[in-house]
2 protein chains.
Amino acid sequence: MLFSRLPPESFDQLLQPIDNERHHAGSVLYKEGCVGKEIFSIRSGLVKLIRLGLDGSERVVRLLGKGAVVGLELLDQGEVYKHTAVTLQTVDLCRIPKVTLFDLERHHPELCVTVRQKLQYHVDRADHWIEHLNTGKARSRIAELLLLLAEIGADSNGDIELVSRDDMASIAGITKETASRIIAEFKRHRLLYRVAANNTHRIQAEMLRELIQRESQSD
Amino acid sequence: MLFSRLPPESFDQLLQPIDNERHHAGSVLYKEGCVGKEIFSIRSGLVKLIRLGLDGSERVVRLLGKGAVVGLELLDQGEVYKHTAVTLQTVDLCRIPKVTLFDLERHHPELCVTVRQKLQYHVDRADHWIEHLNTGKARSRIAELLLLLAEIGADSNGDIELVSRDDMASIAGITKETASRIIAEFKRHRLLYRVAANNTHRIQAEMLRELIQRESQSD
DNA sequence: CGCGCTTTTGATCGTCTTCAACTTAGGTGG
DNA sequence: CCACCTAAGTTGAAGACGATCAAAAGCGCG
């Protein structure tokens, strides 16, 4: 994670502690516009970053999993968070005070590069979001979403936990009804099926990719 | 720009030069997937970053103007560019070899923070893109686009240079015909009008914002 | 078991896409 | 300087896709 390249003794005399925490699904890590002093490194589970519209509607702008760091905007850009961060599953994370990061950075300048890489990851994810989750027909977008979930949120078996239809809708820029219909269609065609009592699902990644290709060439 | 906080003498003995260049509209700065050794700091004019789809279609993922730096992915992330960068207008820029940046960074560790801020800017722009240019009805999106152009690309009079209908379409995730119709409608309602022989236009920012609000509450 | 919430499904409606024809603008060469 | 050519933009008509509204079904939980 963020500090994996630092020697253990660097942590001996920190002014503020780095906490490990476990959150259940639906926990709000922080809110858009609120002053904050902590960033979060995700050890496991999925977190969504959302923006609230004037009318109260929410738009998901990023899904982040293991290894990602959220709240980095606090470092270079003022004291308020730019998104609301909500856990989508049970999430294990480190809560890192911003001052702690500054402390460590003073003795380990190379940490700045690590942070930059974490930021670059956000850029890459955002670009991918625009290109794949907000482009093309609804069917393709949901297919892309399933592939994304498999990429960043798969368990040891490669299985995924589906997000709510509302979240799917807000991710893909469609309505929850459309999302529901498409998921139902995918299940009927066996592109997606449940493998446990909870909402653990398995996807046919290759067939989903073929579907995406078909949809785009017909346009 | 990127080096504004560095002392002038830092540039005396650089191994490689920093060039100032002027490009006309339609110039390709670099291509997605190509190995590159230079980043670009924009002094004036607009640049688009695009991603190419499997079918040859292009998707604009960012518009950048004065002060933005493009190609930063080379620093932390391998040697190839992740987008194709194309100038939309006459653009003045600095071409900065990546090794030069590393050189300078060695003697000026604070430069790393500056780079981080430039990256954070990309994240902010990408989030804004998702929230405003890829959400809601086509009319709102085009209105948002005009506001964006005014924000990052306005001249000293606050006037903007319109982008092509194709670019509008690729930015907002709609078709060029729809973009054309909406621009025509805006002109009819005097939300937008030409102020010179070239395509310099003036917008009624406040009325556009009202339009956006109206559209979203009726959903 | 009943309550509330999410999901599903259906029917209708509106927006945007698509395809095609036409117009305009810009650039080149006669 | 104008005729021509090509690319960009405009406009219309048709149809598709997704949104919307409404109702029913499924599900978790007290």
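These numbers were taken from a predicted model, which means no experiment stands behind them. Chain naming here is simple, since letters A, B, ... match the order of the sequence lines and numbering starts at 1 in each.
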Listed by chain and number, what are the side-chain hydrogen bond (donor to acceptor under 3.5 Å, both in side chains) partners of [X], not counting sequence neighbours?
X	result
Glu151(B)	Arg125(B)
Thr178(A)	Thr175(A)
Asp155(B)	none
Glu210(B)	none

What is the distance, rounded to the nearest whole Å, between atom [atom1] of [X] and atom [atom2] of [N]?
X	N	atom1	atom2	answer
Asn134(B)	dC16(C)	CG	C1'	15 Å
Arg165(A)	dC5(C)	CZ	P	18 Å
Lys137(B)	dC17(D)	NZ	P	20 Å
Met168(B)	dA8(D)	CE	P	14 Å
Asn198(B)	dT24(C)	CG	C1'	17 Å
Asp166(A)	dT7(C)	CG	C1'	10 Å
Arg141(A)	dC17(D)	CZ	P	14 Å

Taking ring-ring contact (aromatic ring centres under 6.0 Å, His included) as the cut-off, I'd like each qualifying pair that reaches into residues 157-188 of chain A, sequence neighbours left out, listed once.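 Checked against ring-ring contact (aromatic ring centres under 6.0 Å, His included) - neighbours excluded - no pair reaches residues 157-188 of chain A.
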Show the distances under 3.5 angstrom between N or O atoms of the protein and N or O atoms of nucleotides 27-30 of chain D.
none

Sequence neighbours excluded, which residues qualify as ring pair (Phe, Tyr, Trp, His ring centres under 6.0 Å) partners of His128(B)?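 Applying ring pair (Phe, Tyr, Trp, His ring centres under 6.0 Å) to His128(B) gives His132(B).
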Tyr81(A): what forms a ring pair (Phe, Tyr, Trp, His ring centres under 6.0 Å) with it, not counting sequence neighbours?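 Checked Tyr81(A) against ring pair (Phe, Tyr, Trp, His ring centres under 6.0 Å); matches are Tyr30(A).
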Members of residues 174-183 of chain A that approach DNA chain D, where some heavy atom sits under 4.0 Å away: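 Residues of residues 174-183 of chain A that come under 4.0 Å of DNA chain D are, in numerical order, Ile174(A), Thr175(A), Glu177(A), Thr178(A), Arg181(A).
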For Asp19(A), what residues pass the salt bridge (charged side-chain N to carboxylate O under 4.0 Å, His left out) criterion, not counting sequence neighbours?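 None.
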Kindly point out which of dT15(C), dC17(D), dT7(C) is positioned nearest to the side chain of Ser164(A)?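 Side chain of Ser164(A) sits closest to dT7(C).
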Residues two or more places apart in sequence or in another chain: which of them pass side chain to side chain contact (heavy atoms under 4.5 Å, CB included) with His201(B)?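 Ile160(B), Leu162(B), Lys187(B), Leu192(B), Arg194(B), Asn199(B).
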For the helix from dC1(C)-dG30(D) to dC16(C)-dG15(D), measure the angle between the helix axis at one end and the axis at the other, each built from five pairs, rounding to 10°.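 Between the axes fitted at each end of the helix from dC1(C)-dG30(D) to dC16(C)-dG15(D) lies an angle of 20°.
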Whether Glu131(A) and Arg59(B) form a salt bridge (side-chain N of Lys/Arg under 4.0 Å from carboxylate O of Asp/Glu) is what I want to check.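 No, Arg59(B) and Glu131(A) are not salt-bridged.
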Verify the distance criterion only: is there a donor paired with an acceptor across the side chains of Asn198(B) and Thr200(B) at less than 3.5 Å?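 Yes - a donor-acceptor pair under 3.5 Å links their side chains.
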